[in-house]
Protein chains: 2
Amino acid sequence: MPVAKNTCDLSRCFLCRHSPPAWHALIGANRKNLLFKKGAAIFHEGDVANGMYFVYSGTVKVHRKWGSQKELILRFGKAGDMLGYRGLGDEKKYTVSATVIEPAVICYVDLAFFESLLQTNHQITYQLMQCYANELQNAEKKMSKLAHMNVKARIADTLLTLQNQFGKTKEGHINIQLSRLDIAAFTGTTYETLFRTMQEFIQEKLIKVSGKKIVVLKEKKLAALTWTQ
Amino acid sequence: MPVAKNTCDLSRCFLCRHSPPAWHALIGANRKNLLFKKGAAIFHEGDVANGMYFVYSGTVKVHRKWGSQKELILRFGKAGDMLGYRGLGDEKKYTVSATVIEPAVICYVDLAFFESLLQTNHQITYQLMQCYANELQNAEKKMSKLAHMNVKARIADTLLTLQNQFGKTKEGHINIQLSRLDIAAFTGTTYETLFRTMQEFIQEKLIKVSGKKIVVLKEKKLAALTWTQ
DNA sequence: ACAAAAATATGATTTATATCATGTTTTTTA
DNA sequence: TAAAAAACATGATATAAATCATATTTTTGT
């Protein structure tokens, strides 16, 4: 893993946000800045977990494979987000994969250092707990959506979720560029179904698309669709 | 909510397990023991969160409604499990419902006391973090199962999961008695599909069922089914 | 103890969505 | 810059699983 030139400024990431400035030098001394290019794997499900990753810039997908073909994207990570650490009580293995979508600078600290931080800096433990609790809520929401919403509703929901999480550019399109396949994997459907449903939305003028740039035109109507059944 | 006669013995629940004995008196003074009967709601999604609940005995389901009919059971709680607390950063509302399946004694502490515990007893914060991290892993697993496994595979998986979590009685059946509807809701399918698939399993002698007592006969074969597609 | 409400049991029908198949275009990489 | 690999685009087809319908049995509340 190549070390990044433009290194983390010790202000943005989870660790630095939640620890007093006095700690930043220590964190700086114990973190590596890694530069990943598009498509690179940060870690794989099944790998032994050796550390924590913090996204400084770029975009990352967190996903799980099923069988040989199917994959579900659990969430996307952007600047400020945390990757990699989980309960670990039992098995110190990653249970998800993390792959780069847009070239990313990632801060890395090894588990030993991270756990020593947790031991001494209770604020970080507390924030980590809060962070997991929030992610857990999201996961639970996503679960019931997968179980009960039909594909059209889920796709409408996906578009709104992406716009919510990544915001809009000045030009008005959702500020993340994904392949249709990734959007499908995030929605939990196939490429073909996603493609056709997006065409429908375009026909109905709910969205406007050029290449990977998506503009939500009728937010209210898309939101209404998420209530279908 | 009626107060229970057979009160919590201050040893089993999350709070007591993870705090030194010196704290138990304080916890004892600040917790209420509540007795819930079958079908009773402990809390509802949308309710303002006022406290934490700990299962002392009995069985509880944690679930979310979708529309008027459909519901997904996210997990079951038994003695020692915790209910109710979430990130709360933004909204102090329960995002799930908890309903009693088998009559339950529940320990309750209000949020103010619980948060004061977290402030002073870092071990509890750390354990809570670990607990959420584990639940998050489970949630992520369940998500990909919902997205990618077919119903038959999911039902096989459900039966194995239940046996794993609740163990077997001396008579050999899974040590939890659920309605078919609840099993369906936990699997994320309809009652009818669940029923038919279980009949299939019975025909194929993978399981044996009498009333709500389920015996897994061919664990390996059921496990193999979970790999279908 | 009896009425009402859940839960169980099954057949018939529908439909939403995955799968298959194939061609074109764009992007990546050697 | 050519070749290979992704990504994009669509039509045709199959099918898994939901929905609808209805009857019986069991449980629960009063």
Side-chain angles (χ1 to χ4, degrees), chain A residues 36-41 61 66-73 99-103 145-156 158 177-203 207 209-214 225 228-229, chain B residues 36-40 61 66-73 99-103 145-158 177-203 207 209-214 225 228-229:
Chain A
F36 290 88
K37 48 179 97 159
K38 206 166 180 165
K61 64 176 171 179
W66 190 262
S68 54
Q69 294 285 357
K70 297 172 178 180
E71 95 168 348
L72 180 71
I73 294 177
T99 303
V100 171
I101 289 183
E102 290 299 336
K145 286 172 182 177
L146 281 168
H148 293 318
M149 284 166 70
N150 60 40
V151 177
K152 198 169 168 182
R154 290 212 309 280
I155 291 173
T158 287
Q177 305 211 165
L178 299 169
S179 72
R180 304 288 139 99
L181 194 61
D182 276 341
I183 301 178
F186 185 53
T187 310
T189 186
T190 57
Y191 165 80
E192 292 93 326
T193 299
L194 177 102
F195 176 83
R196 285 185 246 271
T197 307
M198 275 185 62
Q199 291 301 318
E200 255 188 78
F201 289 171
I202 293 169
Q203 242 82 85
I207 62 174
V209 174
S210 91
K212 286 180 172 130
K213 291 172 186 164
I214 301 173
L225 271 182
T228 309
Q229 304 221 24
Chain B
F36 290 89
K37 48 179 99 160
K38 208 168 178 165
K61 63 176 172 180
W66 190 260
S68 52
Q69 296 284 358
K70 297 173 177 177
E71 95 169 346
L72 180 71
I73 295 178
T99 303
V100 170
I101 288 183
E102 292 298 336
K145 287 172 181 177
L146 281 168
H148 293 317
M149 284 165 72
N150 61 38
V151 178
K152 199 169 169 182
R154 288 212 309 278
I155 292 174
D157 183 71
T158 287
Q177 306 211 165
L178 298 169
S179 71
R180 306 287 139 99
L181 195 61
D182 275 341
I183 302 178
F186 185 54
T187 310
T189 184
T190 57
Y191 165 80
E192 293 93 326
T193 299
L194 177 100
F195 177 83
R196 285 186 246 269
T197 307
M198 275 185 63
Q199 291 301 318
E200 254 188 81
F201 289 172
I202 293 169
Q203 243 83 86
I207 61 173
V209 174
S210 90
K212 284 178 173 133
K213 291 171 185 164
I214 301 173
L225 271 181
T228 309
Q229 303 217 25

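Worth saying up front: this structure is predicted, and the values here are computed from it rather than measured. Order of the sequence lines fixes the chain letters, A, B, ..., with proteins taken first and strands second; residue numbering starts at 1 for each chain.
How far CG of B:Leu225 is from CD1 of B:Ile155: 10.5 Å, rounded to the nearest 0.5 Å. In this structure, B:Thr189 OG1 and B:Ile183 CD1 are separated by 12.0 Å, a value rounded to the nearest 0.5 Å.
Between the C1' atom of D:dA6 and the CG atom of A:Leu178 lies a distance of 15 Å, rounded to the nearest Å. The distance between atom NZ of B:Lys213 and atom C1' of C:dT8, rounded to the nearest whole Å, is 17 Å. Between the NZ atom of A:Lys212 and the C1' atom of C:dT25 there is a distance of 12 Å, given to the nearest Å. Across the protein-nucleic acid pair, B:Lys70 atom NZ and C:dA16 atom C1' stand 11 Å apart, rounded to whole Å. For the pair A:Met149 CE and D:dA18 P, the computed distance is 17 Å after rounding to whole Å. In this structure, B:Lys38 atom NZ and C:dA7 atom C1' are separated by 11 Å, rounded to whole Å. The nearest whole Å value for the distance from the OH atom in A:Tyr191 to the P atom in C:dT25 is 14 Å. A straight line from CD of B:Gln203 to P of C:dA9 spans 12 Å, rounded to a whole angstrom.
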Step by step, would you call A:Arg154 with A:Leu146 a side chain to side chain contact (heavy atoms under 4.5 Å, CB included)? CA-CA 8 Å; A:Arg154 290 212 309 280; A:Leu146 281 168; 3.9 Å; yes
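Toward the 5′ end of DNA chain C lies the nearest nucleotide of B:Arg180, the other residue of the pair A:Arg154 and B:Arg180 mapping further downstream. Residues A:Glu192 and A:Lys152 each lie close to DNA chain C; by heavy-atom proximity, the contact nearer the 5' end of the strand is made by A:Lys152. Residue whose closest nucleotide on DNA chain D sits further toward the 5' end, between B:Thr189 and A:Leu181: A:Leu181.
Although no hydrogens or angles enter the test, the distance criterion places a donor-acceptor pair under 3.5 Å between the side chain of B:Ser179 and the main chain of B:Asp182. With hydrogens and angles ignored, the 3.5 Å screen pairs no side-chain donor or acceptor of B:Arg180 with any backbone N or O of B:Phe195.
Residue A:Thr190 places at least one side-chain N or O under 4.0 Å from the OP1 or OP2 atom of C:dA18. Taking 4.0 angstrom as the limit, B:Arg196 places none of its side-chain polar atoms (N or O) nearer than this to OP1 or OP2 of D:dA17. Look at B:Thr193 and you'll find a side-chain N or O under 4.0 angstrom from OP1 or OP2 of D:dA18.
Considering only side-chain atoms of A:Ser179, the nucleotide from C:dA18, D:dC8, C:dT10 that sits closest is D:dC8.
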